[in-house]
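Notes follow once the structure below has been shown.
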Amino acid sequence: MHETSNFIKTIMKNDLENGVVDKIVTRFPPEPNAYLHIGHARAIITNFELAKYFGGVTNLRFDDTNPTQEDVEFVDAIQKDIEWLGYKPNIVVYGSSYFDATYEKAELLIKKGLAFVCDLTQEELSEYRGTTTTPGKESPYRNRSIEENLRLFREMRDGKYPSYSKTLRAKIDMASPNINMRDPVIYRIIHVTHHQTKDKWCIYPMYDFAHPLQDAFEGITHSLCSLEYEDHRPLYDWVVEHTEVEHRPRQIEFGRLGITNTIMSKRYLKKLVEEGIVKGFDDPRMPTLVGLKRRGFTPSAIKEFILSTGLSKINSSVDYSMLEHFLREDLKLKVPRYMAVVKPLKVVITNYPEGQVEELEAINNTENPELGNRTITFSRNIYIDQEDFVPEKPNKHWKRLAKDVEVRLMHAYFIKCNDIIYNEDGSIKEIYCTYDPETKSGSGFDKRKPNGTIHFVDASSAVPATFNHLDFLILDQYVSSENFMERINPNSWTVYQGFVEKALATAKPGEKFQFIRDGYYNTDDDAKETELIFNRIVSLKSSFK
Ligand code: ATP
Ligand code: MG
């Protein structure tokens, strides 16, 4: 981990120095109800990196106490995501593995007079709970005897009652200013098959009861979670205090990470998928880890990004351009720089012999010679990008091709445009240029200065390719969860058909490149040998300050 400090690291260091703990044990506890997003990456990286820093370990625990929402599809996906980020959990467990022990602790609370079975309906429960400004009302069932509570709770467990008809509640304080402490429900009845425990249970513990117990059973020393759990900490501590657990874990909250122009919550990401706004959880525009991966973001760029945003006690929204910055930094020296023409314009070199093809040497990465060289071809017909040509040079700032203007073709020759051939509709069909054999790249020619350097792809060996240009899913920088569906960017995906140089013919899904003067690209998962598809990860130009 970076040698930067954060408040949790300081707490851990003190706890180790003062003998409060002798080894750091953390956990990442996702609910397997959706794919992970980059906000989760903050929790994952924080837990794993901090534990690693102190020589400790991190468990992966699926928080599966909410069986109606969960699915094994997500269990597998989450494990893959964590592995992709480069982490190996100490153990992989399910919250449901502790259902027996959790149940025992619930009985213990009953026996201590600290929990009771309540018959209030869900509506009544919320009515009795009160609000932040008004106290709650005690349940009429609050004073049942220990024996009656035990009998009823066991009957709940044995399936005698319908779903949600009874609850087990901790007996704490209905007048507490903290609503979470107002006799919170700790068990409810749900007759549903659980993806792990199948039909063994029809009562399920609530997160607030199960989580501190699981942390205690596992010997978690520092239970890190996001800020919204701050108000739940008194209940966490209450559970730890009254359940006679051997190990006492401690909960510490940190701020949630947000990113501009995207929506992060799993619930909303699901909605984007279900409404067909995106093509799936791994759509390259999604802030999910599978989406970022498909787009071409690398684990190290994500890690650097997360670590650079630091860890604070407040929620924060980070500019998307910062994520882009770390991707460019990561790939700058690692990937070859090839030529691709996204919006092709055909160029005929009229003084180049028909049928002749020559090979030219090109360096793969000017900043990293270790990536070696390749050969490219040059012939009478080439493609340049439409954006590199205007019929008439508009002003002295135009450093590309125009009629009667000479430019350098990267790795090749100077060419000058002499003629423009138009289609019937007035659009440009192709342009005619001449090249100067004396200006070959590497020849040291210096008699004339070209009007800029542009890239090209030789038509004789060009490979057709599809380019996906991706933009923000949400139009606004700061997204409101209420109306984000009305603020969807209708132009977040543009497809271009162009050409790449032959070195790219064998690009495999996941392979990344810089396309010169354009951006960093990832070979899409759907790309095949006969059908190249590239996703632009980021453009070369940075707006990051
Ligand atoms: P969401 O609100 O997006 O649905 P969640 O908090 O319900 O996410 P969990 O599966 O419960 O998702 O999250 C697992 C862990 O990841 C939790 O400890 C949670 O605090 C943390 N986490 C989730 N989103 C973020 C975020 N944006 N920033 C930091 N940590 C997060
Ligand atoms: Mg959650």
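Nothing fancy with the numbering, it's 1 onward along the sequence. Order of appearance sets the numbers: ligands from 1, and atoms from 1 within every ligand.
With a 6.0 Å radius and a threshold of 12 heavy atoms from other residues, nucleotides or ligands, Asp158 has its CG atom above the threshold. By the 6.0 Å contact criterion, NZ on Lys13 is open, its count of non-hydrogen atoms from other residues, nucleotides or ligands being 12 or less. Within a 6.0 Å radius of CZ in Arg151, more than 12 heavy atoms belonging to other residues, nucleotides or ligands are found.
Looking at ligand 1, you won't find any N or O of Asn33 less than 3.5 Å from one of its N or O atoms. Inclusion of Arg267 in the set of residues having an N or O under 3.5 Å from an N or O of ligand 1 is not warranted. Between Gly39 and ligand 1, at least one N/O pair is under 3.5 Å apart. No N or O atom of Gly255 sits closer than 3.5 Å to an N or O atom of ligand 1. The N/O atoms of Ser226, backbone and side chain alike, include one that comes under 3.5 Å of an N/O atom in ligand 1. Annotation: Tyr229 places no N or O atom under 3.5 Å from an N or O atom of ligand 1; distance criterion only.
Salt bridge status for Glu244 with Lys105: absent, with no side-chain N to carboxylate O gap under 4.0 Å. Under the 4.0 Å criterion applied to side-chain N and carboxylate O atoms, Glu218 and Arg27 are not assigned as salt-bridge partners. Under the 4.0 Å criterion applied to side-chain N and carboxylate O atoms, Glu230 and Lys313 are not assigned as salt-bridge partners.
Of the candidates Glu253, Arg256, Arg42, Arg256 brings a heavy atom nearest to atom 1 (P) of ligand 1.
In the vicinity of Phe28, heavy-atom distances shorter than 4.0 Å reach the ligand 1 atoms 14 (C), 15 (C), 16 (O).
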